Amino acid sequence: MNEIGVKNVRGEIYNLMHQIQEDDLENLEYFSVFGNLIQEKSGIKDASKPRFLFVVRDWGCPHEFPYGETGGELYVRKQLTEEDNQHQQLKIVRNNLNGGFLEIGGCLLPYPGKDVATNHQFAGLVKTFFTKTCENLFLLVIIKNGKS
């Protein structure tokens, strides 16, 4: 009999629609810094940094960054890169985020289809989803459960 090992991996997921905006990064940075201060003040030592995953749903630019984890990783990396011409505060946000997590990843999901978005009686049946959404969700679950 095959056994499946399940690891308890501490991590956070930020579910966003369409794209990652600057205020999303600022809010995340605020709560990340706040969480670190609480850990320091409460005397928690050796608290491991969490993993973090941006899930961007209804992604509309697959020609720039493809759906799935590969495109998501590239997109997140681009959003978190400090640029020479950026305002200093934007650089600080990115620096704090890049140092505040063990790993930051991403996954881009397409629009699931009109039936899912507009049908109030949608029952969650996989066969009614837009095929690409299901493929990418399945791959995300498999990949993230396999990583530790």
Side-chain angles (χ1 to χ4, degrees), residues 3-118 122 124 126 128-148:
E3 292 184 27
I4 298 175
V6 178
K7 295 182 180 181
N8 185 7
V9 179
R10 185 173 163 226
E12 306 296 329
I13 295 177
Y14 199 170
N15 180 1
L16 299 166
M17 182 183 262
H18 301 299
Q19 64 186 358
I20 299 171
Q21 297 186 33
E22 196 59 43
D23 63 332
D24 297 323
L25 296 178
E26 290 171 1
N27 291 334
L28 177 60
E29 186 248 358
Y30 174 79
F31 286 107
S32 172
V33 169
F34 182 71
N36 289 338
L37 287 173
I38 289 174
Q39 282 182 345
E40 287 175 19
K41 295 290 182 189
S42 65
I44 298 174
K45 295 190 179 169
D46 297 328
S48 64
K49 294 180 181 181
R51 287 180 165 82
F52 193 84
L53 179 68
F54 285 98
V55 174
V56 181
R57 56 193 170 90
D58 300 348
W59 177 248
C61 301
H63 54 282
E64 292 180 43
F65 299 96
Y67 297 125
E69 185 180 26
T70 302
E73 299 285 340
L74 293 170
Y75 177 64
V76 167
R77 196 172 312 133
K78 180 180 181 276
Q79 296 302 311
L80 293 178
T81 299
E82 293 179 33
E83 310 256 341
D84 291 337
N85 61 348
Q86 281 178 326
H87 188 277
Q88 187 62 29
Q89 183 59 34
L90 300 179
K91 290 181 182 182
I92 290 170
V93 167
R94 282 156 178 77
N95 186 46
N96 286 341
L97 288 175
N98 285 318
F101 297 96
L102 178 65
E103 176 185 330
I104 301 176
C107 184
L108 304 175
L109 301 175
Y111 179 67
K114 187 176 179 182
D115 288 340
V116 174
T118 60
F122 174 68
V126 175
T128 58
F129 264 87
F130 181 61
T131 307
K132 278 285 185 195
T133 301
C134 290
E135 289 174 13
N136 286 302
L137 280 172
F138 179 73
L139 287 173
L140 175 66
V141 170
I142 296 297
I143 290 168
K144 291 302 174 189
N145 281 334
K147 284 186 177 178
S148 59

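Just so you know, these numbers come straight off a predicted model, no measurement behind them.
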Enquirer: If I take atom NE2 from residue His18 and atom SG from residue Cys61, how far apart are they, to the nearest 0.5 angstrom?
Expert: 10.5 Å
Enquirer: Quick one: do Gln19 and Tyr75 satisfy side-chain contact (heavy atoms from CB on, under 4.5 Å)? Show the steps, please.
Expert: CA-CA 9 Å; Gln19 64 186 358; Tyr75 177 64; 3.3 Å; yes
Enquirer: To the nearest 0.5 Å, what is the distance between CG (Leu25) and OH (Tyr14)?
Expert: 8.0 Å
Enquirer: Ignoring hydrogens, what is the shortest heavy-atom contact between Met17 and Asp58? Give both atom names and the distance.
Expert: CE-OD2, 3.4 Å
Enquirer: Are more than 12 heavy atoms from other residues, nucleotides or ligands located less than 6.0 Å from atom NZ of Lys78?
Expert: no
Enquirer: Does the Trp59 side chain pair with the main chain of Gly71, one donor and one acceptor, at a distance under 3.5 Å?
Expert: no
Enquirer: At what distance, to the nearest 0.5 angstrom, does CD of Glu82 lie from CG of Asn95?
Expert: 5.0 Å
Enquirer: Between Phe101 and Leu28, is the side-chain contact (heavy atoms from CB on, under 4.5 Å) condition met? List the steps.
Expert: CA-CA 11 Å; Phe101 297 96; Leu28 177 60; 4.1 Å; yes
Enquirer: Taking atom CZ of Phe54 and atom CG of Asn15, what is their separation to the nearest 0.5 Å?
Expert: 11.5 Å
Enquirer: Compare all side-chain heavy atoms of Arg94 with those of Leu97 and state whether any distance is below 4.5 angstrom.
Expert: no
Enquirer: Salt bridge or not for Glu103 and Arg51, using N-O below 4.0 Å?
Expert: yes
Enquirer: Could you tell me how the ring of Phe34 sits relative to the ring of Tyr30: parallel (under 30°), tilted (30 to 60°) or perpendicular (over 60°)?
Expert: parallel
Enquirer: Please name the pair of heavy atoms, one in Gln79 and one in Ile20, separated by the smallest distance, quoted to 0.1 Å.
Expert: OE1-O, 3.9 Å
Enquirer: Just wondering, are more than 12 heavy atoms of other shown residues or ligands nearer than 6.0 Å to CG in Asp84?
Expert: no
Enquirer: Show the nearest heavy-atom pair for residues Cys107 and Glu69, with the distance to one decimal.
Expert: SG-N, 4.1 Å
